[in-house]
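Inspection log for the structure reproduced underneath, given as structure tokens.
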Amino acid sequence: MSSATRTAQGKGRRVDPQDRKRLGQLLGDAERRPDLLIELLHLIQDAEGHLAVGLLAALAEELRLSQAEVFEVATFYHHFDVVRDGEAAPPALTVRVCESVACELAGSARLAERLRQTLGTAVRVQAVPCVGRCAQAPVAVVHQHPVAPATVELVQRMVLTGTRDCPPPGALGGDARTGGAGTDFAALRELLAGALPEKSRTNGQAPSSPNGELELRTAVCDAIDASGLRGMGGAGFPTGRKWRIVATQPGPRMLVVNADEGEPGTFKDRHHLEHGARRFLEGMLIAAWVIDAERCTIYLRDEYAGVRALLTAEIAALRSGTRLPGSWRLPPIELRRGAGAYICGEESAMLESIEGKRGMPRLRPPYVAERGLFDRPTLVHNVETLWWVPEILAGGAAAFAGRGRRGHKGPRSFSVSGRVVSPGVKVAPAGITLRELIEEYCGGMLPGHELHGYLPGGASGGILPAALADLPLDFGTLEAHGCFIGSAAIVVLSQHDSVREVAQALMEFFRKESCGQCTPCRVGTAHAAELMRAGQWDVPLLLELAQVMSDASICGLGQAAPNPLISALRHFPAEFNATERRAFEDRSEPRALEEAK
């Protein structure tokens, strides 16, 4: 490259006036803020099909950021294609084929290979992690338009007809209390007022008065506590307690919704947004009111283009048509777009992404409830947790809690995929067993398939054998067997599936999705994936790597990455040779397993 195109002394690339002009055309009247960096990168990627380094330099100048800051963010996320000087731009059209567990079981690898042969070099065919439609496997995405289930013929037809964008889902379902443009929250106020203790309703104290408002907030938290509602994103922290913790922090406080459900096998949040967006928004605004949130931010995974269009319309309707009673106010609501990074499902990594940075998990403490988004106290929830809130307040905490089985509280949404007749999102009692879930909600196993094993919590939750299919599915019930329920992403395996191969594929997934920040995860997942590709596993070394990852990784990705590996060795000995079995049986057992037993 000539010296005329770069400044001296490593100060960065000089901005070409043509790149500066083109950037202005692409961004239009979009707000220029450093925390909106990822949103602005999407505008460029969507229009150009890639990110040329000249435009990145111009964007850095526009945002008053260093070029290194912009470049490191642009190269961190899977959905951005950075094109350096001298490199060819990618084809104008990309077809993404899901390679996660459910799609792999349905033949996605063969589908991807046939698509490469059929579509030729004019179309880029990429194998990608879970795209959130596991019940319709195998899945392909033509630009932003999902094809599910996908065949070569359907994808080819989509390519030839020029269909690219995903339309918003059709009619909203399950929102009997809301409709039309905007929402009248006077009805919601009456609903919440019903949660007030009887003495407050009879002493004439108005809910809109300071004392009445405080008591109402307390009563709502009490109702959420009594319902047993816990965080449905995977951690299972009691929701009411979380609200109280954040509400006691000094303001301004933030509320962030984690709708970046990248866990392979998980698609329940997409389902609830497609069929109950207003109910979700209602739950979000109740939580925002309880903690007196200054702002609400929804972080939505990039694969959900149709949901993004739907939420954009619903949020606009809220702003234009909502009538708020008393002292209530509608906080600003921002919809942020992810960019294809599984790590951003971790709450602190998500906050970093919302701030316009790489999605790198933060060290704790401090916790996000104390110092979260923009260093402010932040309440973080996933979609399903908030989706349940209106139902609890409308029907009563006792009624909600009573919908569980075996002493467990409430219903929960199970994302079920794999070898069952009727996969999909199943709203079933907490504490139901896998065998009951399959028989009562999924139509049984597919013909010719017998239950062999299952993933109870997606990629990170481990793998259990059919012999343990009568365990209650809920928080705290599977840990004794080295697994956990997490976000309730259930992938059902049959006798035709190799758990050994599933565990290997999941380690490859963790290797690709590691953010690289900490050595135990970055090196551990890569080395473990390499060892698992061998014909015979070096079990002692794999267990040593597993212990290091579990003990020393910064966040849950590295800590949970060994779970499928250890589960396969522990629960499926028939899939390993005598040497591998003996090495596992004779091991100096890692503390994590000793404590789990």
Side-chain angles (χ1 to χ4, degrees), residues 98 100-103 129-137 139 146 148 169 172-175 229-236 239 257-284 298-301 303-304 306-308 310-311 338 342 344-345 347 350 380-392 400 403-404 408 410-418 420 422-432 434 437-438 440-442 454-461 473-475 484-492:
C98 178
S100 289
V101 179
C103 285
C130 186
V131 296
R133 297 181 182 272
C134 315
Q136 300 162 293
V139 182
L172 294 173
D175 281 323
L229 182 65
R230 300 171 71 170
M232 298 298 187
T239 301
V257 179
N258 187 344
D260 191 66
E261 56 173 358
E263 183 76 26
T266 309
F267 46 92
K268 61 188 176 64
D269 285 352
R270 175 186 59 79
H271 173 87
H272 288 317
L273 289 172
E274 288 179 348
H275 298 280
R278 296 183 186 177
R279 170 172 161 173
F280 152 71
L281 289 171
E282 190 173 313
M284 180 188 75
I298 303 169
Y299 187 85
L300 181 70
R301 72 178 305 193
E303 289 84 350
Y304 294 170
V307 174
R308 187 167 65 250
L310 183 152
L311 282 175
Y342 167 73
C344 289
E347 63 178 7
M350 175 186 61
V380 178
H381 275 310
N382 82 314
V383 170
E384 187 195 355
T385 307
L386 297 171
W387 189 79
W388 285 119
V389 169
E391 179 168 328
I392 291 169
F400 180 87
R403 291 172 62 183
H408 298 271
R412 67 177 304 165
S413 305
F414 295 88
S415 305
V416 185
S417 60
V420 295
S422 177
V425 174
K426 311 298 178 181
V427 176
I432 195 172
L434 176 81
L437 186 65
I438 292 174
E440 297 177 28
Y441 291 85
C442 302
Y454 63 104
L455 283 68
S460 57
L473 295 174
D474 200 8
F475 299 111
F484 57 81
I485 188 70
S487 60
I490 309 289
V491 184
V492 180

Counting only N and O atoms by type, is there a donor-acceptor contact under 3.5 Å from the side chain of [X] to the main-chain atoms of [Y]?
X: Glu263; Y: Ser460; answer: yes
X: Lys268; Y: Met232; answer: yes
X: Asp474; Y: Gly431; answer: no

Electrostatic pair Glu440-Lys426, nearest N-O below 4.0 angstrom: no

From [atom1] ([X]) to [atom2] ([Y]), nearest 0.5 Å:
X: Asp260; Y: Tyr299; atom1: CG; atom2: OH; result: 5.0 Å
X: Phe414; Y: Ile485; atom1: CZ; atom2: CD1; result: 5.5 Å
X: Glu261; Y: Ser415; atom1: CD; atom2: OG; result: 6.5 Å
X: Trp388; Y: Leu229; atom1: CH2; atom2: CG; result: 9.0 Å

Looking only at heavy atoms, which two atoms of [X] and [Y] are closest? And how far apart?
X: Gly418; Y: Ala102; answer: N-CB, 4.5 Å
X: Gly262; Y: Tyr342; answer: O-CD1, 3.4 Å
X: Val380; Y: Glu347; answer: CB-OE1, 3.7 Å
X: Arg403; Y: Pro411; answer: CZ-CG, 3.6 Å
X: Cys442; Y: Val416; answer: SG-CG1, 3.7 Å
X: Leu455; Y: Gly458; answer: CD2-O, 3.5 Å

Student check: side-chain heavy atoms of [X] and [Y] closer than 4.5 Å:
X: Leu310; Y: Leu273; result: no
X: Val307; Y: Arg270; result: yes
X: Ile298; Y: Phe280; result: yes
X: Ile490; Y: Val420; result: no
X: Arg412; Y: Arg230; result: no

Pairing residues for Phe267 by the ring-ring contact (aromatic ring centres under 6.0 Å, His included) criterion, not counting sequence neighbours: none

Contacts of type ring-ring contact (aromatic ring centres under 6.0 Å, His included), residue His408, not counting sequence neighbours: none

Exercise: do [X] and [Y] side chains pair donor with acceptor under 3.5 Å:
X: Tyr304; Y: Glu274; answer: no
X: Thr239; Y: Thr385; answer: no
X: Ser413; Y: Glu384; answer: yes

Verdict with supporting geometry, Arg133 and Glu303, salt bridge (Lys or Arg N to Asp or Glu O under 4.0 Å): CA-CA 10 Å; Arg133 297 181 182 272; Glu303 289 84 350; over 6 Å; no

Test side-chain contact (heavy atoms from CB on, under 4.5 Å) applied to Glu391 and Arg279, step by step: CA-CA 9 Å; Glu391 179 168 328; Arg279 170 172 161 173; 2.9 Å; yes

Mutual orientation of the aromatic rings belonging to Trp387 and His272 [parallel < 30°, tilted 30-60°, perpendicular > 60°]: parallel

